[in-house]
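Everything on this sheet refers to the single structure shown next.
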Amino acid sequence: QTENTLTPPESYDYSLETDQQTNGYNELLYCKVMDKKCSDGTITFTFYHQLARVVFNVKHELENDLSVTSHFVGQATSFPVVARFAIPEGNSNVGTWTTKGTYNTIIPKTETTQSGYRRTYSVVVFPSSYGATTTLLTIKNSDGDYVYKTTSSGSTTLNGGNQYFYTITVKNGFVQDFSYKNSAQTFTTPYAGKYRIECWGASGGGAVIGNSASGGCGSYVSGEISLTKSQKLYVYTGQEGKGSDVYSSDYMFNGGGYAQKTDYGYCGACGGGATDIRTTSGAWDNSTSLNSRIMIAAGGGGANSGGGNAGGINGYDGVDQNTPDYSQYFGKGATQTRGGVAPNKYESATSNGTAGTLGKGGLGGASASGSGHNGGGSGGGGGLYGGSGASGLSRGTWSGGGGSSYISGHNGCTAKTLTFSSTVMIDGAGYQWTTAVGSYVGIPTIDDASEKTRGYIGNGYCRITRIGY
C-alpha cells in the first residue's frame, strides 16, 4: 500500500447559501484524522458539524396566517453571510469563525410543521455571539407589517455543531389606547381587518365603589367590527364629573351635566361624560356628529357619595341611601329613545334639575339661598341620551341619573350601517345587558381584562385592538 499525506489549509473563506429554502443547506463538516491505522481494512472517520442550526416554531395570534408573504433571517441586509473558517486546534472538534463584513438576508428552509405550531423553519448560520438587538427572523405580511424575532436580552451565543430552538408568536396587530382629551381623537386603521373596540364611560363626581354596590360609575361596552385600510373613526373620551361644591359653568366633555349654583357658589356634583365612537367628526355636541355614533359607553350621574350608575340599555336613577324617601327629587336614568325625565322640584330649592337630552345629561338644580345651604342637585351622566339632573334641596347633595349606552348591532339598539358583532354591554353597577339587565359580571379593568370591578371610576377611556384579518 502507498501512504499519502494531505495537509489541509489552516483557514479559508466560506459563504452561506442565502436561499436555503430553494437550494438547501450548504453545510460544512470537518473530520480530524490523527494516526489512523488500517489494520483490518476498515477505518472509521467521524465528521463534526461546524455551523449552527436554528429552528423557528411559529405560532400565530390571529385567526390565520395567510397574509405571511415572506420570511427571512436577519433584518434588511444585516446578517453575516461570509466568514473565514479556521480548523480546530488541539483536542477541539469545532473550528472558529470570523465574519468578513459581507451581509445579506437568508431565506430559511420550510420544515415539517411541528405539532401545535403554524410553521416550522430552519436555517444554518455562522457560530457567533449575537447581541440583544440582532434580528434572527423577520416575517413580512401582505399588509406591509414586519414582525421581528430578536435574540434574548444580553448576548446570545450560537455554537457550531449545536441546534437552537425558538418559539415565535406573530401578533401581527396592535393596540391603540385613547385616554381622556378635551377634543375628538382620530383613529385611522393601518390595515384592513377585524378590530375589537372597547369603551369605558366616565364616572360622575363623587362616584363610589362599595363592597356590595356602587354609585355614579361609568359603563363598559365592546364589540368586534371589520374595517377597511385607512378608514377613519373618531373617538370621544368622556370627562369625569367634578365633585360637589366644585362649580363648572359648562358640561363635562362629551355630555356630563353640570350643576347650577346658589348665590353663595354651592352646587351639586357634575355627571360624567360618555365615551363614544363616531363616523363623523365635529364638536362633541354637534347633532350630525352625535347621530353618527356607533358605540357609546355612558357616563354616571353626579352625587356626593354615589349617583345613578351609567346604564346598559337604560340608565339608573339617582340613589341616596340616607334619604331614600326623597327619590322623587333625584335624577332619572335615560333610555334608548329619550333622556331621563326631570324630577319633581323640592319645595325650598332655588331651581329644579333638567331633563337629559340627546348626548347630554341634565343640569342639577340649585339649592336654597343662604350661607349654610351647601351642595345641591347633581348633573346627569352623558350617553346616547343623558340622565336628568336632580332637584336642588335645602342642604346636602342629591344624585343625578345615569346615561344610556349603545352599540350598533347589539340587541335592543337600533343598528346603523356599521355594526358590531360579539357585543358586550355592562352597566356602571357591573351587570351585563342584552335587551334587559342580566347577571352581575363586573367591569374589566383597563390594565388587566381578567380583573373585574364593581363599576368604573375616572375619565373615559377607549382601546382599539386588531384581532384578525
Side-chain angles (χ1 to χ4, degrees), residues 62-63 143 173-178 183-201 219-238 253-255 273-299 310-315 334-339 356-360 382-386 403-427 432-436 460-469:
L62 303 185
E63 295 173 345
D143 51 24
F174 69 98
V175 176
Q176 186 167 349
D177 288 348
F178 298 86
S183 62
Q185 302 176 67
T186 302
F187 170 71
T188 304
T189 55
Y191 318 110
K194 184 181 290 186
Y195 292 80
R196 178 185 299 113
I197 301 181
E198 302 171 272
C199 293
W200 289 258
S219 66
Y220 168 87
V221 294
S222 71
E224 298 175 5
I225 189 169
S226 294
L227 301 171
T228 59
K229 185 175 182 179
S230 300
Q231 189 168 352
K232 292 184 183 299
L233 296 176
Y234 302 95
V235 180
Y236 293 71
T237 49
F253 182 74
N254 217 21
T275 296
D276 61 54
I277 306 297
R278 310 184 189 192
T279 58
T280 302
S281 64
W284 71 263
D285 56 351
N286 175 272
S287 59
T288 301
S289 181
L290 283 172
N291 285 321
S292 76
R293 294 177 294 176
I294 57 174
M295 173 177 280
I296 307 167
I313 296 293
N314 300 321
T335 71
Q336 292 293 295
T337 57
R338 60 163 177 78
T357 59
L358 180 72
K360 293 182 179 181
L384 172 62
Y385 287 91
S404 53
S405 295
Y406 168 85
I407 310 173
S408 176
H410 184 80
N411 286 338
C413 298
T414 302
K416 297 185 177 180
T417 302
L418 282 178
T419 59
F420 292 86
S421 61
S422 303
T423 58
V424 176
M425 181 181 288
I426 303 173
D427 64 34
Q432 188 162 351
W433 286 68
T434 51
T435 55
Y461 204 86
C462 174
R463 173 169 293 156
I464 301 178
T465 306
R466 189 183 186 207
I467 59 171
Y469 299 107

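None of the values given here were measured: they were computed from a predicted structure.
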Minimum side-chain heavy-atom gap Q231-L418 below 4.5 Å: yes
What one should report as the nearest heavy-atom pair of I407 and C413 is O-CB, 3.3 Å
Determine yes or no for a side-chain-to-main-chain donor-acceptor pair under 3.5 angstrom, with R293 supplying the side chain and L384 the backbone. yes
Indicate the atoms forming the closest heavy-atom contact of L227 with F187, along with that distance. CD1-CE2, 4.3 Å
Please name the pair of heavy atoms, one in L290 and one in L358, separated by the smallest distance, quoted to 0.1 Å. CD1-O, 3.8 Å
If I take atom OG1 from residue T423 and atom CD from residue E224, how far apart are they, to the nearest 0.5 angstrom? 9.5 Å
Closest heavy-atom contact between T189 and K229? OG1-C, 3.5 Å
Would you say the side chains of Y406 and Q336 form a donor-acceptor pair under 3.5 Å? no
Between the side chain of R278 and the main-chain N/O of W284, is any donor-acceptor distance below 3.5 Å? yes
Can you list the steps and then say if S405 with S219 is a side chain to side chain donor-acceptor pair (under 3.5 Å)? CA-CA 8 Å; S405 295; S219 66; 2.9 Å; yes
What pair of heavy atoms forms the shortest contact from K360 to D285, and how long is it? CE-CB, 3.7 Å
Report yes if the side chains of S404 and I313 come closer than 4.5 Å at any heavy-atom pair, otherwise no. no
How would you list, by chain and number, every residue that makes a side-chain contact (heavy atoms from CB on, under 4.5 Å) with S281, sequence neighbours excluded? Y234, Y236
Treating N411 as the side-chain partner and T435 as the backbone partner, does any N or O pair qualify as donor plus acceptor under 3.5 Å? no
Can you see which heavy atom on Y195 is nearest to which on I464, and at what distance? CD2-CG2, 3.9 Å
dist T275:OG1 -> I197:CD1 (nearest 0.5 Å) comes out at 12.5 Å
Could you check whether any side-chain heavy atom of Y461 comes within less than 4.5 Å of a side-chain heavy atom of D177, counting everything from C-beta outward? yes
Can you tell me how far OH of Y191 sits from OG1 of T228, rounded to the nearest 0.5 angstrom? 15.0 Å
